[in-house]
Amino acid sequence: MKIGELSRRTDTPVRMLRYYEEQGLIHSERLPNGYRSYEDYVVDRVRQVRGLLEVGLPTRIIKQILPCLDGSRAIYLPYVTPDMIATLERERDRMAEKIECFTKNHRAINDYLDAVSHEIRAS
DNA sequence: GTTCTTACA
DNA sequence: TGTAAGTA
């Protein structure tokens with residue numbers, strides 16, 4: 001598929017898709033006319049990259065750990081370095097903190113909504 | 001009409 | 001990240 005379709009399917013700006021490629025996060029081949037051509041699996045790859053980005057991981061870290069998280073559950077032992085493990089543990093802990101924060105705010109908003117709805121029924 | 005690269009805000 | 005320019 002061409003970049004326009006990948007953009008629609010992943011709801012990602014074309015600009016960002018080219019940027020991800022520049023950062024080595026996704027791969028593409030070229031059509032005779034110079035247009036980028038993507039394999040179907042790239043759709044899931046982009047979604048995963050976006051997910052990691054949303055959690056706050058910088059592209060350089062993503063590029064570094066993507067091989068470990070990519071598609072198949074296979075483990076790439078040859079690429080496991082102490083440095084990589086440390087990075088993953090650090091990011092995992094960061095995510096845990098964010099989850100706590102989200103949970104807390106989710107409760108707060110939920111409680112507020114709950115109180116408001118009761119208020120409306122009472123009035 | 002779609003995509004490409006480069007460059008600027 | 002968005003957008004503009006000039007192409008292919």
Side-chain angles (χ1 to χ4, degrees):
Chain A
M1 76 188 90
K2 295 200 298 291
I3 200 168
E5 187 184 341
L6 179 62
S7 175
R8 287 193 297 282
R9 298 222 281 175
T10 61
D11 190 39
T12 303
V14 168
R15 177 78 167 76
M16 289 299 91
L17 293 175
R18 300 204 184 96
Y19 180 66
Y20 295 161
E21 183 179 327
E22 195 180 356
Q23 300 306 302
L25 272 31
I26 58 177
H27 172 270
S28 80
E29 291 166 33
R30 293 287 179 153
L31 265 24
N33 59 10
Y35 287 10
R36 267 167 269 253
S37 177
Y38 301 93
E39 304 284 317
D40 278 15
Y41 79 87
V42 177
V43 173
D44 291 319
R45 178 112 164 184
V46 171
R47 289 182 179 142
Q48 176 162 46
V49 168
R50 292 204 66 188
L52 294 170
L53 246 23
E54 283 172 34
V55 186
L57 299 201
T59 57
R60 58 166 291 276
I61 296 298
I62 296 178
K63 177 176 27 172
Q64 184 181 179
I65 67 179
L66 210 48
C68 301
L69 283 32
D70 207 5
S72 68
R73 277 68 57 191
I75 294 178
Y76 303 78
L77 226 40
Y79 301 118
V80 179
T81 66
D83 179 71
M84 171 104 62
I85 297 297
T87 299
L88 287 171
E89 293 181 328
R90 187 163 53 246
E91 297 310 331
R92 177 201 55 190
D93 294 343
R94 273 192 179 182
M95 283 185 223
E97 284 179 38
K98 294 204 175 192
I99 289 174
E100 280 185 58
C101 181
F102 272 55
T103 301
K104 189 178 300 179
N105 283 129
H106 176 273
R107 285 201 189 108
I109 289 177
N110 194 57
D111 291 348
Y112 172 78
L113 254 20
D114 208 44
V116 171
S117 68
H118 289 168
E119 200 60 44
I120 292 178
R121 288 175 207 174
S123 63

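Scope of the values below: all heavy atoms of this structure, side chains included, with no hydrogens, waters or symmetry mates.
A straight line from CE of A/M16 to C1' of B/dC4 spans 16 Å, rounded to a whole angstrom. What separates CG of A/L6 from C1' of B/dT3 is a distance of 13 Å, to the nearest Å. One atom, CG of A/L31, and another, P of B/dC4, lie 9 Å apart when rounded to the nearest Å. A/Y38 places its OH atom 13 Å from the C1' atom of B/dT2, with the value rounded to the nearest Å. When the P atom of B/dT3 is taken as reference, atom CG of A/L17 falls 11 Å away, rounded to whole Å. Nucleotide B/dG1 holds its P atom 19 Å from the CD atom of A/E5, rounded to whole Å. The nearest whole Å value for the distance from the CD atom in A/E29 to the P atom in B/dT3 is 17 Å. As rounded to whole Å, 13 Å separates atom C1' of B/dT2 from atom CZ of A/R36.
Taking every side-chain heavy atom of A/R15 into account, B/dC8 is the closest of B/dT2, B/dC8, B/dT5.
A donor-acceptor pair is defined here as one N or O able to donate and one able to accept, closer than 3.5 Å; no such pair exists between the side chain of A/S28 and the backbone of A/S37. The backbone N or O of A/D11 sits less than 3.5 Å from a side-chain atom of A/R50, completing a donor-acceptor pair.
Here the closest heavy-atom approach between residue A/Y35 and residue A/K2 is recorded as CD2-CD, 3.5 Å. Here the closest heavy-atom approach between residue A/K63 and residue A/G24 is recorded as CG-O, 4.2 Å.
Shown here, B/dT2 forms a base pair with C/dA8; the pair counts as Watson-Crick or G-U wobble because both key distances fall under 3.5 Å.
Boundaries of the chain A contact region on DNA chain C are C/dT1 to C/dA8, first to last in 5' to 3' order (nucleotide atom under 4.0 Å from a heavy atom).
Between A/R94 and A/E97 there is no salt bridge, since none of the side-chain N atoms of the basic residue sits less than 4.0 Å from a carboxylate O of the acidic one.
Counting heavy atoms from C-beta outward, A/L66 and A/V49 have side chains that approach closer than 4.5 Å.
Proximity of A/R18 to the phosphate of B/dC4: a side-chain N or O atom is located under 4.0 Å from OP1 or OP2.
For A/R30, the CZ atom is densely surrounded, since the number of other residues' heavy atoms within 6.0 Å is greater than 12.
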